[in-house]
Protein chains: 2
Amino acid sequence: MARPRKDQARDIRALAISETIRLLEDRDARDLTLAQVAAAVGCRPPALYGHFRDKTALLRAVHDAGFAWLYAEKMDVGAGTRGDALARLREGGRAYARFALKNPALYRLMFDPPRDSGLAGTLFESDVGLKSLDFLRAGVVAVQAEGYLPGADPDRIAFTLWSTLHGALSLLLQGRAPTADTSPLAAADATVDAMMAFIVATRAGGRAEESAP
Amino acid sequence: MARPRKDQARDIRALAISETIRLLEDRDARDLTLAQVAAAVGCRPPALYGHFRDKTALLRAVHDAGFAWLYAEKMDVGAGTRGDALARLREGGRAYARFALKNPALYRLMFDPPRDSGLAGTLFESDVGLKSLDFLRAGVVAVQAEGYLPGADPDRIAFTLWSTLHGALSLLLQGRAPTADTSPLAAADATVDAMMAFIVATRAGGRAEESAP
DNA sequence: TCATTAATTTAACAGCGTTCGGTTCCCTTG
DNA sequence: CAAGGGAACCGAACGCTGTTAAATTAATGA
């Protein structure tokens, strides 16, 4: 039984990606072995090389699938939010945090990949990585239209906001934060709220009622 | 020549730590092999097991040495700064960014270690990891004494500021940021400035002249 | 001087990603 | 409907990894 029959043929490529995402619920990306993926798919490790050049190519495909998933979720939230621009910004951040905390290893693979995985290249940066910033930038421009952040560069603000949430999640996912009293999700939401409070404080002519809740 | 003579004995433990830090200038921590460390030290891989229980114990020691180094640099900066609390906060952030960008792999090992390295445990979190927050918290309290961030929780603000800088550095170190126009160090400094502008905007009774430079 | 202890070596093992050569099936061509 | 060619997969094998075991040599103490 070297080559499988047509009726029992499986789409190994798609299966490998979905099963890898599932396996990432337990393990970290670098602790994942091709033997584990192959076992989950139902084949032997060498069979994977017919669909991926090497292990990093598989991880890159999972990386991209993760981005597609994240965008879909953010789209859902964006479509469901009917509030002002500030609320949309906040809900976007919350959705981002929820995704990261529900898929820690996948999030790490997407935004903090190992240096040798070829994921740090400009391909992914320009292809999908910067789409995150475009999303966020649009939100920043929207709140600026309502009088917040007067005269600020939207790109820089967007990068700063993204950095804050990404940094908080990165620290929270490693227990490197005072999470003893609250859940990681609550801590992430609190970080989003703190940034929103900063934005509110910069309203032209306005004044901060409370700098951080 | 199984056991070395007394006159040509080297402190393998100290050598392994310092040579590992040197090797981390090129490679990432997870791409580092014990054979490379042993070659740099001048011994064979099994000799390292007489001084470290396993590879993660070596990485943990390097992790701690990195923290000691970072604290020393921040102390230097703190002692040299004679400005107001706001300037001290800014200079602390700049020193932090400089350290991270000059030692990328070491920084990653310190603040974003692989999950299986035993570095995510509560030992390091409570031991040295939270000392970063204490430093920062003191700075936040100091600026609050000057009227900024009224009524805010210093712990939450400190965590938010730390998250922002850590997140920005994490993204910058992977080329996941619009760094095309500026250097990574300039981008990091700009992020620090943006956060300082946010803080300035929250001054009680005051008003933001410019929300972000 | 001789046993004991300590420090490092060489040798070996299991597991990893990856490559090679063979085997089985499908699909086209005569 | 036979024959060949290509595609898809498997078992075996290779080099490298971290790690352990056994052997070897230097220092120490009686």
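Below, read A as the first sequence line, B as the second, and so on, with proteins coming before strands; counting in each chain starts at 1. Atoms considered below: every heavy atom in the structure, side chains included; atoms not considered: hydrogens, waters and symmetry mates.
- Residues Phe135(B) and Tyr96(B) place their aromatic rings such that the two centres sit no closer than 6.0 Å.
- If you find the closest nucleotide of DNA chain D to Lys6(B) and to Gly42(A), the one lying nearer the 5' end belongs to Gly42(A).
- Ion pair Arg98(A)/Asp189(A) not flagged as a salt bridge, since none of the NZ, NE, NH1 or NH2 atoms sits closer than 4.0 Å to an Asp/Glu carboxylate oxygen.
- In this model, a side-chain donor or acceptor of Arg3(A) finds a partner on the base of dA7(D) within 3.5 Å.
- In this entry the distance linking CG of Asp31(A) with P of dC16(C) reads 11 Å, nearest Å.
- Contact annotation for Ala47(B): base contact, defined as any heavy-atom pair under 4.0 Å involving a base atom.
- Residue Gly50(B) is the one, among Lys55(A) and Gly50(B), whose nearest nucleotide of DNA chain C lies closer to the 5' end (criterion: closest heavy atom).
- Distance, Arg13(B) CZ to dT8(C) P: 14 Å, rounded to whole Å.
- Here the two rings, on Tyr148(B) and Phe198(B), have centers that are 6.0 Å apart or farther.
- The residue Leu32(B) sits close only to the backbone: its heavy atoms come under 4.0 Å of sugar-phosphate atoms, none of a base.
- Between Asp54(B) atom CG and dT19(D) atom C1' the separation is 9 Å, expressed in whole Å.
- Salt bridge annotation for Asp84(B)-Arg90(B): absent, with no cationic side-chain nitrogen under 4.0 angstrom from a carboxylate oxygen.
- The distance between atom OH of Tyr49(A) and atom P of dA8(D), rounded to the nearest whole Å, is 18 Å.
- In this structure, the CD atom of Gln36(A) is 11 Å from the C1' atom of dG15(C), given to the nearest Å.
- Nearest-nucleotide assignment on DNA chain D puts the 5′-proximal partner with His51(A), out of Thr33(B) and His51(A).
- Taking 4.0 Å as the cut-off between side-chain N and carboxylate O, Arg88(A) and Glu91(A) do not count as a salt-bridged pair.
- In this structure, the CZ atom of Phe52(B) is 15 Å from the C1' atom of dA7(C), given to the nearest Å.
- Nearest to the side-chain atoms of Ala2(A) among the listed nucleotides dG22(C), dT25(D), dT18(C) stands dG22(C).
- dG22(C) atom P lies 20 Å from atom CZ of Arg44(A), rounded to whole Å.
- Atom CZ of Arg5(A) is separated from atom C1' of dA7(D) by 17 Å (rounded to the nearest Å).
- When heavy atoms are screened at a 4.0 angstrom cut-off, Pro4(B) is found touching the sugar-phosphate backbone but no base atom.
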